[in-house]
Amino acid sequence: MSTRWYPVYQKGNPQLRVFLPNFWLKIVNPTMKQPKNVVQFHCSMEMTVLDVKQYLKKIYDVHPVQVNTRIQLGKIRPEPYKSILTKEEDVKVAYVVLPKDQTFEYPPLFEKDDTKDKNVTDDMAALEEAKKGFKAFIKRNKVPGTPGWFA
Amino acid sequence: MASIARNICISKTLNNITKLLGNITLQPNVISSSVVICKPRIYCSQHAFLHVTSKQNDLMEFFDHKDNWSEKEVKAGRPWFKSELRLKSNEDLHKLWFVLLKERNMLLTMEHAYNERFANMPSPERRDKVEKSMENLETVVRERNQAYHLLETGETGERPAKYVYNALGMRFFYRMTQHRIPKFMNKKWFKTHHFGFGGYAVRTFLRKYNEKQNNKERTKQRGQERYVLRLMQQFPNMDMDAVKKYWPDVDIEKLRNKEDIRGHFVPQ
C-alpha cells in the first residue's frame, strides 16, 4: 500500500482499496467556451475516467454525470539560438459534466485588483530609487581636479 | 405472593446496601473519592487553540479562500515533522492525508491560474511545505507497514527487487512486478528477450564503457588526493583522523612521502 506497488487485478471481492491516493487534480480556465455544467480539469497522467469520477465523489462530494478525458500534446518549439527542439510536458485534460441543474463558473480571481499593475508600480518605485542613487553618484565632489567618483 | 416475596428481596438488598454504606462511613478515604469531580477532557487553556474549519464539499474547494485572492503574501505554518506524525493514530494520518491532498490540489489550481496570467503566485513555498508533509506522512505509514509485515510474516512487505543483467550485459536494479503468465510459460517474452551478450560488438562496447567509467573514477580519486595534498601543505598540523573520515579513499601515507607536501618555505 505505502510502497505504491499494486498487484495484478483479480476478479471477485474484496477488491483492493487505495488508502493514500497520490493523484492530483486541478481546475483550469477553459480556453474554449463550455456549457454551464461542464468543468475542465487537468489531472495526473495515470488517472482514468473512473478514477476522476471516484476522486470527485469520495473526496469532494461532487457527483459528475459523465467524465471525458484526452491527452493534450505539449507544444514543440525550437530553442532560441540553439539548434534543438524543446517539448513541453503532455497534460491529461478531463471534462467533468455536472447534473443539469448544477452550474459552475470559473471564479474571477483577478477582478478585484490587478497584480500586474501592482508589479508595475513597484518597478516604477524601484526605478526612481535607482535614478536618485545615480544622481548622488555623479554629483561632483568638492575636491578640485579629481573625477566625480573620487570621494 | 410473588410480589410480596420480591418486596422482601428488595428490602433485603436495601438492608445490604445500607450496611455497605455503614461500612463505607468507617473509611474516610473512600468517602472523599465518592465525590464526583467533573474533569473536562479538553482543558480550557487548550480549548482556545482548537480550531475547526467548516466542512465545505464543493468545487470551490479547488480555489484559495476569497480573502487571499488579491493578497501578496499568504501566511502559512511549517510542514509536519516525522516525529509528530509518529504520535498520531492510523486514522488521524488517513484524515490528514486527504487534508493535505486537497490543499495540494488547491495550490496547483491557483498556481496554474497565476501562471496563465504571467503573475507571481503569493507564497509559493506553501506547495513545498505540503509536499514535504505528504512525504513525511508516507514514510511514517511505510515504517508502520514494515513493522507490521515483519511481525506477521518475517518480511518487510516492500516491493522485491534484484540486480539483473540486461541485453548488453550491464547490471541494473530491477524492481519486480507480478505477471499473469509465469516466466517459463511466457514464450513471447522469451522470443523478444535474447539474453546472449557475448557478441563482438557488445564486447567492444562494454570494454569502452568500462574504460570510460574507470577514467571517471580515477579522475575523481586524483582530484580528492590533490585537494587533501593542498590542505596538508597549508595546514601541517591538521587532524588526520578527520581527513580520513571525510576522504576515506585517499591514501594519506602515500601523500606523506611526496615532496609537494612541504609547502613553499624553508624547513626549520
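Residue numbering restarts at 1 for every chain, and letters A, B, ... go by the order of the sequence lines. Quick caveat: nothing in here was measured; it's all calculated off a predicted structure. The analysis underlying the following values was restricted to heavy atoms, covering all of them including side chains, and did not include hydrogens, waters or symmetry mates.
- The backbone N or O of Leu25(A) lies less than 3.5 Å from a partner atom in the side chain of Asn105(B), making a donor-acceptor pair.
- Scanning all heavy atoms of the two residues, the minimum distance from Lys26(A) to Leu108(B) falls at CD-O, 3.7 Å.
- Taking a 6.0 Å sphere around CD of Gln10(A), one finds it holds 12 or fewer heavy atoms contributed by other residues, nucleotides or ligands.
- Shown here is Tyr209(B), whose OH atom has no more than 12 heavy atoms of other residues, nucleotides or ligands within 6.0 Å.
- The number of heavy atoms from other shown groups lying within 6.0 Å of CD (Gln213(B)) is above 12.
- One finds the NE2 atom of His42(A) at 10.5 Å from the OG1 atom of Thr109(B) (value rounded to the nearest 0.5 Å).
- Between Trp24(A) and Arg104(B), the closest heavy-atom pair is CB-NH2, 3.9 Å.
- Taking all atoms of both residues into account, the shortest heavy-atom contact from Phe110(A) to Tyr114(B) is CE2-CE2, 3.4 Å.
- For the atom pair CE (Met134(B)) and CG (Leu20(A)), the distance works out to 8.5 Å, reported to the nearest 0.5 Å.
- The environment of OH in Tyr246(B) is sparse: at most 12 heavy-atom neighbours from other residues, nucleotides or ligands sit within 6.0 Å.
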Practice problem: Mind running side chain to side chain contact (heavy atoms under 4.5 Å, CB included) on Phe41(A) and Leu59(B) for me, showing each step along the way? | Solution: CA-CA 11 Å; Phe41(A) 284 93; Leu59(B) 282 175; 3.8 Å; yes
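- In this structure, Arg230(B) places its CZ atom where only 12 or fewer heavy-atom neighbours from other residues, nucleotides or ligands lie under 6.0 Å away.
- Within the cation-pi definition used here (under 6.0 Å to the ring centroid, within 45° of the axis), Lys102(B) qualifies as a partner of Tyr60(A).
- At least one donor-acceptor pair under 3.5 Å links the side chain of Trp97(B) to the backbone N or O of Pro21(A).
- The number of heavy atoms from other shown groups lying within 6.0 Å of OH (Tyr174(B)) is above 12.
- Of the possible donor and acceptor atoms, one in the side chain of Gln178(B) sits under 3.5 Å from a partner among the backbone N and O of Val8(A).
- Listed by sequence position, Ile27(A), Val28(A), Val39(A) are the residues of residues 27-40 of chain A in contact with chain B, using a 4.5 angstrom heavy-atom cutoff.
- Within 6.0 Å of the CZ atom in Phe172(B), the count of heavy atoms belonging to other residues, nucleotides or ligands exceeds 12.
- Heavy-atom contacts from other residues, nucleotides or ligands closer than 6.0 Å to OH of Tyr163(B) number 12 or fewer.
- Of all residues in residues 87-104 of chain A, those placing a non-hydrogen atom less than 4.5 angstrom from a non-hydrogen atom of chain B are Leu98(A), Phe104(A).
- Residues that satisfy the salt bridge (charged side-chain N to carboxylate O under 4.0 Å, His left out) test with Asp64(B), not counting sequence neighbours, are Arg126(B).
- In this structure, the portion of Tyr106(A) lying under 4.5 Å from any heavy atom of chain B is its side chain and not its backbone.
- For His65(B), there are no ring-ring contact (aromatic ring centres under 6.0 Å, His included) partners two or more places apart in sequence or in a different chain.
- To the nearest 0.5 Å, atoms CZ (Arg117(B)) and CG (Leu109(A)) are separated by 9.5 Å.
- If you measure heavy-atom distances from Met110(B) to chain A, the contacts under 4.5 Å come from the side chain alone.
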